[in-house]
Amino acid sequence: MLTSNEWIGQPVKLLPWEKLVLLGLLEVDDDNRRTCQWAYISVAKKQGKTQLAAWLALWALIGSAEPAPVVLCAAASDDQADLVFGAVKTCVEMSPTLSRLIPKSHRFESELQVPSIPGSR
């Protein structure tokens, strides 16, 4: 779900470059281990980097099947990191499915927790 400007609440339609990035980041080997451990993604301003980072953070928290996932957001400034976390929170608040997985009682100012995944944040 998109979380900003005139697109807020609309479903996601990935751009070709976003598909390539996600395919590369989420590729797994024959032992079902991700082949990519980190990435540096550089694209021009206003191309959806913040939103893409938010979706990846949510996937890492909920969809990756990692035990006790801890997802950190590092950025050039606190404001930039806050933008990503804000997009994550907005996705959770606007999505009925994500809202059930992360109830209000587990949404904090700078952290989300998934009650069904012990140790997740």
**Message:** Nearest 0.5 angstrom please: E18 CD to I41 CD1, how far?
**Reply:** 10.0 Å

**Request:** Over all heavy atoms of both residues, which pair between R34 and L25 is shortest? Give the atoms and the distance, please.
**Result:** CD-O, 3.9 Å

**Message:** Rounded to the nearest 0.5 Å, what separates atom CZ in R121 from atom NE2 in H106?
**Reply:** 13.5 Å

**Fill in**
Output for pair (C36 SG, L22 CG), nearest 0.5 Å, gives 11.0 Å

**Request:** Could you state whether L112 and V70 fall into the same hydrophobic cluster, counting links through intermediate Ile, Leu, Val, Met, Phe, Trp or Tyr residues with side-chain heavy atoms under 4.5 angstrom apart?
**Result:** no

**Request:** Treat each ILVMFWY residue as a node, draw an edge where side-chain heavy atoms are under 4.5 Å apart, and state whether V84 and W59 are in one component.
**Result:** no

**Request:** Measure the CG-CH2 distance between L14 and W55 for me, rounded to the nearest 0.5 Å.
**Result:** 6.0 Å

**Complete:** Taken to the nearest 0.5 Å, the spacing of C91 SG from Q51 CD works out to 5.0 Å

**Request:** Working to the nearest 0.5 Å, report the span between CG of L56 and CG of L61.
**Result:** 12.5 Å

**Prompt:** Is there a donor-acceptor pair under 3.5 Å between the side chain of T50 and the backbone N or O of L83?
**Reply:** no

**Item:** Flag side-chain contact, heavy atom, 4.5 Å: W17 against L52
**Value:** yes

**Message:** Using a 6.0 Å cut-off, check whether atom CG of D31 has over 12 heavy atoms from anything other than its own residue.
**Reply:** yes

**Request:** Indicate the atoms forming the closest heavy-atom contact of F85 with E109, along with that distance.
**Result:** CE2-O, 3.2 Å

**Item:** Joint cluster assignment, V43 & L20, ILVMFWY side-chain distance < 4.5 Å
**Value:** no

**Request:** Not counting sequence neighbours, which residues clear salt bridge (Lys or Arg N to Asp or Glu O under 4.0 Å) with D29? List them please.
**Result:** R33

**Prompt:** Where is the tightest heavy-atom contact between A75 and A81, given as atom of each residue plus distance?
**Reply:** CB-N, 3.5 Å

Pairs of donor and acceptor atoms involving the side chains of residues 96-104, under 3.5 Å and at least two apart or interchain, shall be tabulated with distances.
residue, atom, partner, partner atom, Å
S99, OG, V92, O, 2.6
S99, OG, S95, O, 3.0
R100, NH1, P96, O, 3.4

